[in-house]
Amino acid sequence: MPDLQSQIIPEKVPEHIAIIMDGNGRWAKQKGMPRVLGHRNGVKSVREVTEAAAQLGVKYLTLYAFSTENWSRPATEVTALMTLLVETIKGEIKDLNKNGIRLTAIGELTSLPAATYKTLIEGIEQTKNNSKITLVLALNYSSKWEITRAVRLLAEKVKSGHITLEDIDEKHVEQEMTTHGIPDPDLVIRTSGEARLSNFLLWQAAYSELYFTKVLWPDFRKNDLMEAIISYQQRERRFGMISEQVGKEGAG
Ligand code: IPE
Ligand code: IPE
Ligand code: MG
């Protein structure tokens with residue numbers, strides 16, 4: 001096995017990686033197990049990938065854990081996912097603190113079941129002083145919901161006279177996003193072979209590098225994360241310019 005770690009350029013590790021964790025259900029099905037066991041095994045990947053990201057120098061890791069559209073799944077699966085979230089957050093607080101991981105969340109959080117919301121807020125509160133890496137859970141998240149909300153908040157500010165219509169620029173829109181204060185993702189990874197964004201960070205990923213892998217989320221480990229980072233580092237981020245303007249040193 002090639003030594004992946006030695007191929008990573010430390011100065012060019014993405015500051016922010018966002019992951020669409022997909023394939024838990026298929027992973028379980030392949031093994032003849034109920035879908036929820038796929039989700040349970042996915043937690044192991046979350047743990048390992050978060051610690052690996054911290055160790056590699058990633059400063060923000062956003063994980064798409066539950067989309068607004070996921071409420072349409074069978075009620076038993078939704079309930080199991082919400083219970084798993086509570087269990088996981090409660091069980092991980094000690095390790096989050098030990099590893100310097102600050103927990104935070106984006107999405108329509110107040111519409112989560114009360115127990116999930118409460119545990120989440122406690123987890124955020126109890127890890128708020130950690131600074132090695134910020135783990136952002138996207139929960140009941142929908143990019144279209146977030147953008148619509150930003151439009152409404154800006155309209156209210158205009159209506160109340162806090163800003164004028166002419167003031168509205170990209171910066172103002174960005175300020176109303178739930179991700180305000182978090183840099184845009186440099187790299188977006190999706191597991192399980194699907195090549196779509198599923199309503200995830202549509203505004204923030206405008207210039208992100210996209211990486212799709214067939215690996216199912218419960219099988220995704222540190223090596224897979226390193227492969228994604230290596231692929232990212234081999235790319236040239238041009239941001240609309242031409243190659244000669246940005247230099248030939250790859251992403252970063
Ligand atoms: C991703 O795995 C986890 C969530 C969306 C909560 P899936 O549950 O979507 O797994 P597949 O896509 O059915 O295999
Ligand atoms: C996207 O996965 C949402 C999360 C990973 C939480 P889905 O499995 O719900 O996405 P679609 O519906 O297949 O696009
Ligand atoms: Mg899926």
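Just so you know, these numbers come straight off a predicted model, no measurement behind them. Ligands are counted one by one from 1 in listed order, and the atoms in each one are counted from 1 as well.
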**Report entry** Check: R221 main-chain N/O paired with S45 side-chain donor or acceptor under 3.5 Å
**Finding:**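 No, S45 side chain to R221 backbone: no donor-acceptor pair under 3.5 Å.
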Query - Backbone or side-chain N/O/S of D22 under 2.8 Å of the Mg ion (ligand 3) - result: yes
Query raised in the report: Taking atom types as modelled and ignoring hydrogens, do the side chains of N97 and N130 form a donor-acceptor contact shorter than 3.5 angstrom?
Result: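 Per modelled atom types, N97 and N130 side chains form a pair under 3.5 Å.
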Query raised in the report: Distance only, no hydrogens: is a donor on one side chain within 3.5 Å (strictly under) of an acceptor on the other, for R26 and S192?
Result: yes
Query raised in the report: Should the pair F200 and Y141 be assigned to parallel (<30°), tilted (30 to 60°) or perpendicular (>60°) ring geometry?
Result: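 If you compare the ring of F200 with that of Y141, the planes turn out perpendicular.
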Requested in this report: Please work out which of the three classes, parallel, tilted or perpendicular, describes the rings of F66 and W71, given edges at 30° and 60°.
Outcome: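 Correct class here is perpendicular.
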Query raised in the report: Can the positive tip of K31 be found less than 6.0 Å from the middle of the six-membered ring of W27, inside 45° of the ring normal?
Result: yes
Query - Subset of ligand 1 atoms that lie under 4.0 Å from at least one heavy atom of H39 - result: 3 (C), 8 (O)
Requested in this report: Using heavy atoms and a cut-off under 4.0 Å, could you grab the residues that are in contact with ligand 2, chain by chain, numbers ascending?
Outcome: I20, M21, D22, Y64, A65, F66, S67, N70, R73, R190, R196, S198
Query raised in the report: Is the count of non-hydrogen atoms from other residues, nucleotides or ligands lying under 6.0 Å from Q245 atom CD greater than 12?
Result: yes
